[in-house]
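The structure under discussion appears below in the form of structure tokens.
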There are 4 protein chains.
Amino acid sequence: MPHTSNPAGTPDTTPKPRRRDAKQTRERLVRAALELFTSQGYHASTTPQVARRAGVAEGTIYRHFTSKEQLLNDIYRGAVRVFTQVVRETPSKASCREHMMDIAVRWGEVAATDAALVKLVFVAPPTSLLDDASRKAHEEMRLELEKVVASGKSSGEVRAGPAYLWTDVWLQLVRLMLERVATREWATQHSAPKQVIDSAWDSIAAAKGVRSAPQPSEASLPVGR
Amino acid sequence: MPHTSNPAGTPDTTPKPRRRDAKQTRERLVRAALELFTSQGYHASTTPQVARRAGVAEGTIYRHFTSKEQLLNDIYRGAVRVFTQVVRETPSKASCREHMMDIAVRWGEVAATDAALVKLVFVAPPTSLLDDASRKAHEEMRLELEKVVASGKSSGEVRAGPAYLWTDVWLQLVRLMLERVATREWATQHSAPKQVIDSAWDSIAAAKGVRSAPQPSEASLPVGR
Amino acid sequence: MPHTSNPAGTPDTTPKPRRRDAKQTRERLVRAALELFTSQGYHASTTPQVARRAGVAEGTIYRHFTSKEQLLNDIYRGAVRVFTQVVRETPSKASCREHMMDIAVRWGEVAATDAALVKLVFVAPPTSLLDDASRKAHEEMRLELEKVVASGKSSGEVRAGPAYLWTDVWLQLVRLMLERVATREWATQHSAPKQVIDSAWDSIAAAKGVRSAPQPSEASLPVGR
Amino acid sequence: MPHTSNPAGTPDTTPKPRRRDAKQTRERLVRAALELFTSQGYHASTTPQVARRAGVAEGTIYRHFTSKEQLLNDIYRGAVRVFTQVVRETPSKASCREHMMDIAVRWGEVAATDAALVKLVFVAPPTSLLDDASRKAHEEMRLELEKVVASGKSSGEVRAGPAYLWTDVWLQLVRLMLERVATREWATQHSAPKQVIDSAWDSIAAAKGVRSAPQPSEASLPVGR
DNA sequence: TATGAATGAGTGTTCATTCAT
DNA sequence: AATGAATGAACACTCATTCAT
């Protein structure tokens, strides 16, 4: 065996590879795969690479995941849930606007902390490789957000038009912010993220002044969905 | 599948397909690869698949492109240039707003006509596989657009903040529209594309009282999704 | 061809061929490649052929060698070292002549035992495919031999002229012998090998009688090399 | 068509590629292939390369040769005949020694003039690719030389043992000289070529002085061949 | 649970050869 | 005689997955 690598900073006190419990191994694999998949892409990342980075043997992957594709999906769902959880745990505020800003800011913090998560879910989701469960998990996140938007609609803060549309519009702009934060092009404390979050709200907000007048009923919307 | 295919309209006078002129073969390859790459992804598309779909032998690919990666980049540049060209050819209007709406609408028409182009450039660009020339071509398009935004800034129509930021913001929302149009979730004549284009402008427009002009009724929204 | 081969003498206790230890597999590959390369040439030998002859899957080659070229070089170096070792282990005699005859004879024995080794190193060395390490290994062998020739020069047994030249001359003739022995055109106990070995010595020996006179200075030799 | 090359120095007066007569084309192909084959090896040289170097289209090769292998063999036979011709045309001298020295010197001149010829015939003959005609041509050359050696035997100048053996021995050493001259390691006017030619003769010459004692009968020779 | 040597179908690419022009 | 686009079998090499240990 040519090179045994000891990743920087790890105080390797045990000469023989420590008896890791299964949980730890699984997590190491998830971490390794997440980093590899988001930095090189799924297809460009090989299972030997994942194993090496996780510090385990090639075969070990298959004790925890039935296939490379399942590994991806497991990771994906975990990543999506992080964002879903944030939406659920962000307390609603007096205004929808404030509420959504909070969510965006917290998501931004996730992006700053764990860029890979953002890349996997928002920047370059491996759409064609996702299974039903993963798609459902993503839809759940979207729905959770849509609830917030919908509440904004009933309070008249959100402009006319279907809530799901404004959810997507808002997401699209927040995605831009997350991407830039994840790639460290923007720091969370800079003005750019805030500007984009603001404009995300503006793009779905009911117009001020005249526009803020009571919205016409949307009951008649024959929106297909 | 019949073993002799006669593409629409071509008066196939030659019984054997040998001796197509080079131009035609190259174009068939580009078309086949574009469709495959955008529907399955680059890595999932194999050279035998590309060749089969183009109706040529595998080796023929390499008479026209030095590698699969170069094929991708050639296609990508071609696709980007289509959008750049639209920006360049769209005449400027009295207002920046109108100008940008025009561009968005024309891009939308491209999306409706040739979905693959949109997918390649906006929906899932193969970022990590692009060479310098391709990146430059993309940057050119962005810059062309930025000029328009900048002119809007000087006329006071665009909100405070750097022009490149608002370019990206606008692009982000137009991207949503293009994606939905490309996937046929939205038709160009529907209201959703228009709504998103509007909100794209709103998200970068300087906040005015003027904007609050009476909106047309939304009652007719036949938004597909 | 039976689907389970049991190479001579191996007490095949395991019914399925999986889990051979690495050493064995590598050696089988080396053997297979050596035979193929020397009988058909490097380019005419394909990796499927090598694998089949070694009784392993094609991919297995690449667990032991990084490329077909590296496989060749590994084999080449191993072969060269056999001859180098013989030179090193042959004890020097009273006369240089005797010493070199010994070496030639032992080399001849190697040729009789393992013809492929001779073909690879002397008959048709794959010169343009050798890497630096391989070239160095070959040079080492030559140098080891040159030492012997040099000692013959100082004792006056070897004719005037540079030692490296006579080394090459001697090698050239011994090469003829090795080739014929390797191809079984000559058996080691026949007179032809002996005759050639004799003439190899004669071609570099100082002349008897008249020629054994004190050697002229070699200062004037403008031999390019 | 990307690049049209105009090989150095050719005063390309005719704008369209000159109407070459067949003879000329064939010769250009032979020359190009000879150079390529001897510098890179047969397998490493591709037919497109040969065609490009000859300044003709790929398909043109097959108007003059039925296959790449036949091209090689045609070239090989031509090369061998050059050396055969030299042997035939070198007038015999008073002594066999002088005669053979003459031949060696003339061959050396060929090597200096046209290194590729020597490489193809002596340094790295493509043994496994030669057809019967080529092998026969080579044998013819050898036989022509053997005649000279045989005449040396009957005059007592050549040592005891079969003429064909001494022919091979002599060839082996002359081959060394030719190789070095061909690679420009040695110039023909240097002493090394001469030294090696001398020693080539010595290795097959009957011993002078003491060694010139009556030769033992050759009846006992059990030389395999 | 973990290992890692082995697998073999599949990849992108090459190239000697053909043939309509 | 000459062209060069097209061919397709073959190539070296990869990698997700298996399984004896």
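So that the names make sense, note that chain A is the first sequence line, chain B the second, and so on, each numbered from 1. FYI, side chains are in, hydrogens and waters are out, and symmetry mates aren't considered; it's all heavy atoms of this structure.
Residues C:Pro48 and A:Thr66 each lie close to DNA chain F; by heavy-atom proximity, the contact nearer the 5' end of the strand is made by C:Pro48. Mapped onto DNA chain E by nearest heavy atom, B:Glu69 and D:Ser45 fall at different nucleotides, with B:Glu69 at the one closer to the 5' end.
In terms of phosphate contacts, B:Thr60 brings a side-chain nitrogen or oxygen within less than 4.0 Å of OP1 or OP2 of F:dT7. Of the side-chain N and O atoms in A:Thr25, one or more sit less than 4.0 angstrom from OP1 or OP2 of E:dA2. An OP1 or OP2 oxygen of E:dT14 is reached within less than 4.0 angstrom by no side-chain nitrogen or oxygen of D:Thr46. Note on C:Ser67: every side-chain N or O is 4.0 Å or more away from OP1 and OP2 of F:dA12. Dashed line: the shortest gap from a side-chain N or O of B:Thr47 to OP1 or OP2 of E:dT13 is not under 4.0 Å. Here D:His43 does not reach the OP1 or OP2 of E:dA16: none of its side-chain N or O atoms lies under 4.0 Å away. Contact annotation: B:Tyr62 side-chain N/O to E:dT14 OP1/OP2 distance is not under 4.0 Å. Note on C:Arg63: a side-chain N or O is less than 4.0 Å away from OP1 or OP2 of E:dA5.
At whole-Å resolution of the value, NE2 in D:His64 and C1' in F:dT3 are 12 Å apart. The CZ atom of A:Arg28 sits 15 Å away from the C1' atom of E:dT1 (whole-angstrom rounding). Taking atom CG on C:Leu29 and atom C1' on E:dA5, their separation rounds to 12 Å, with Å as the unit. The CD-C1' distance, from C:Gln70 to F:dA12, rounds to 14 Å in whole Å. One interatomic measurement links the two molecules: CZ of B:Phe65 to P of F:dA5, which rounds to 14 Å at whole-angstrom precision. Rounded to a whole Å, the CG atom of A:Leu72 is 12 Å from the P atom of F:dA16. Put simply, CZ on C:Arg52 is 12 Å from P on F:dA10, counting in whole angstrom units. When rounded to the nearest whole Å, the span between CD of A:Glu27 and P of E:dT1 equals 16 Å.
Nearest nucleotide to the side chain of D:Lys68, out of F:dA12, F:dA16, E:dA16: E:dA16. Nearest nucleotide to the side chain of D:Ala57, out of E:dT7, F:dA2, F:dG4: F:dG4.
Distance check, rounded to the nearest 0.5 Å: CD1 of D:Ile75 to CZ of D:Arg31 gives 9.5 Å. The distance from atom OG1 of B:Thr25 to atom CD1 of B:Ile61, rounded to the nearest 0.5 Å, is 12.0 Å. To the nearest 0.5 angstrom, A:Asn73 atom CG is 11.5 Å from A:Phe65 atom CZ.
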Are A:Arg63 and A:Val56 close enough, and set up right, to give a side chain to side chain contact (heavy atoms under 4.5 Å, CB included), and what steps lead you there? CA-CA 11 Å; A:Arg63 310 228 131 251; A:Val56 303; over 6 Å; no
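By the side chain to side chain contact (heavy atoms under 4.5 Å, CB included) test, A:Ala124 is found to be paired with no residue, residues two or more places apart in sequence or in another chain being considered.
Looking at C:Glu58, its side chain comes within 3.5 Å of the base of F:dC13 through a donor and an acceptor atom.
Listed by first and then second residue, the salt bridge (charged side-chain N to carboxylate O under 4.0 Å, His left out) pairs involving residues 43-56 of chain B are B:Glu35-B:Arg53 (not counting sequence neighbours).
Secondary-structure stems of DNA chain F, taken as three or more successive Watson-Crick or G-U wobble pairs (i with j, i+1 with j-1) under a 3.5 Å distance threshold, comprise E:2-21 with F:2-21.
Side-chain N or O atoms of D:Thr38 include none that pairs as donor or acceptor with a backbone N or O of D:Lys119 at under 3.5 Å.
For the side chain to side chain contact (heavy atoms under 4.5 Å, CB included) test with B:Arg77, the passing option among B:Leu72, B:Leu130, B:Asp131 is B:Asp131; the others fail.
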